[in-house]
Amino acid sequence: MKPAPKTYAVKSFGCQMNVYDGDRMAELMAAQGLTQAEPGEADLVVLNTCHIREKATEKVYSDIGRLRKDAAKQGRAPMIAVAGCVAQAEGAEIVRRAKVDVVVGPQAYHNLPQLVARAASGEAALDTDMPIDMKFGHLPARRRVPPSAFLTVQEGCDKFCTYCVVPYTRGAEVSRGWSQIVDEAKALVDAGAREITLLGQNVNAWEESGKGLHDLIAELDKIEGLARIRYTTSHPNDMTQGLIDAHGRIEKLMPFLHLPVQAGSDRILKAMNRSHSRDSYLRLLERIRAVRPDIALSGDFIVGFPGETEADFAETLSLVDAVGYAQAYSFKYSPRPGTPAATMGDQVAEDVMDDRLQRLQAALNRDQTAFNAATVGRTCQVLLERKGKLPGQLIGKSPWLQSVHLISDAAIGDLVEVKLAEAGANSMAGVLAQAEA
Ligand code: 5AD
Ligand code: SF4
């Protein structure tokens, strides 16, 4: 039996939705009267895990081992809770293998306080239910809010891309209710947020009684004090005309779109069950650029999907050339247990994947640098988010989601007019527009 914890730490891995969930779990623990501590010192450590790629599961087990060893050196035995997608996928197996105290899935973490109490009474506590009644209604109000805040509006995925675990770990597509979202957005702005990023695995599939994400964005647009709206991640097939038009119409909606394509070859897209083609994706981008010519595009790519030939990969490279992404993420295919692709023939050799990833990343870096260079000389607003390393330096984001650093005595949370002066591969140097005039 372990005493009820007095301090807690939450370590989040993976996507922005996990960061959001991790912050909510921290709020839950704080609402129970626990104080935050470093993971190496806390009585309760929550590992908020990711299952999307690599040997994520093994990483969780080695993290648990390390935590225990370090704590044992100090004569402590912290309570360990495994949350997130590994918890959902592995369930009771984690309790058996690693003897952790709590296992809680991504749809059940509002029950964390009760699970911790059960664990304190000596019982291993597991909850990987996916109730229809979503967790959001059970979460306490948020206290610490950064200038740029996340707000989860949608969860889960019905797309079943053949490589992906998300439909299994996060469950079916569910939209959070309109009024709950609007209330949370207002509360975030009251607490200091100037920018809100709406989150969802398929955020643009959000819907409620015939209303779509663009209607929700139009409603949030009315919130005084909210300066910027973003959303991520979108699926090409859920990119409605309404949402495209919103990019031309709603000024607060930032000119940035993360729209994963994964691959450039129709044969591979089909095997991935992506339900869009190379051509339909490119035509979609044309329609978006028609309403918002300066939009910065971002994407996700997988190299080495089973059966991918050099000719298929060349089509990915040529798609990259055709689009000119402002930034993008690229990964080596990683078989996920239980997904259809994991048992497909023709798995691609590791060294071939390494080589393709390198070539793809070289092309993406080239385009990112070119995008940044093309913005030099523009004046735009930058939302200041944090201090930089140099004295007087602040770092914020441009409308196109570039990191911009500048010297200024403005405050974190301010929106300042900045001239983009110099482009780097990953960031921009800016000068205050007034200072420059
Ligand atoms: N292997 C490699 N990358 C993957 N992704 C999802 N599943 C896998 C996998 N099994 C990537 C996709 C997705 C991003 C979040 O992670 O590119 O868009
Ligand atoms: Fe995974 Fe595909 Fe759903 Fe994205 S759309 S979460 S890649 S199944």
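Numbering of ligands and ligand atoms starts at 1, following listing order.
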Query raised in the report: Per the ring-ring contact (aromatic ring centres under 6.0 Å, His included) rule, which among Y333, Y325, Y329 passes with F301?
Result: Y325

Query raised in the report: What class does the angle between the rings of H247 and Y231 fall in, given that below 30° is parallel, 30 to 60° is tilted and above 60° is perpendicular?
Result: tilted

**Report entry** Per-residue contact class, Y163 against ligand 1 - non-hydrogen pairs under 4.0 Å
**Finding:** both

Report summary line: Of all protein heavy atoms, the one nearest atom 11 (C) of ligand 1 is R53 NH1, 3.3 Å

Query raised in the report: Does an N or O anywhere in Q262 fall below 3.5 Å from an N or O of ligand 1?
Result: yes

Query raised in the report: Taking E173 as the fixed residue, which of H235, K159, E155 is the one that meets the side-chain contact (heavy atoms from CB on, under 4.5 Å) rule?
Result: K159

Report task. Take the angle between the ring planes of F160 and Y168 and call it parallel below 30°, perpendicular above 60°, tilted in between. Result -> perpendicular

**Report entry** Short N-O contact, K332 and E308, less than 4.0 angstrom
**Finding:** no

Query - NE2-CG distance between H110 and L28, expressed to the nearest 0.5 angstrom - result: 9.5 Å

Query raised in the report: Judged by atom type as modelled, is there a donor-acceptor pair below 3.5 Å linking the side chain of K252 to the main-chain atoms of I223?
Result: yes

Report task. To the nearest 0.5 Å, tell me how far D127 CG sits from Q88 CD. Result -> 9.0 Å

Requested in this report: Anything protein N, O or S sitting under 2.8 Å from atom 2 (Fe) of ligand 2: count it and give me the total.
Outcome: 1

Query raised in the report: What about S334: any of its N or O atoms under 3.5 Å from an N or O on ligand 1?
Result: yes

Query raised in the report: If we only count heavy atoms from C-beta on, is the R292 to L253 side-chain gap below 4.5 Å?
Result: no

Query raised in the report: Counting heavy atoms only, which of T162, D300, I52 is nearest atom 13 (C) of ligand 1?
Result: D300

Query raised in the report: Which protein non-hydrogen atom lies closest to atom 2 (C) of ligand 1, naming both residue and atom, and how far is it?
Result: K332 O, 3.3 Å

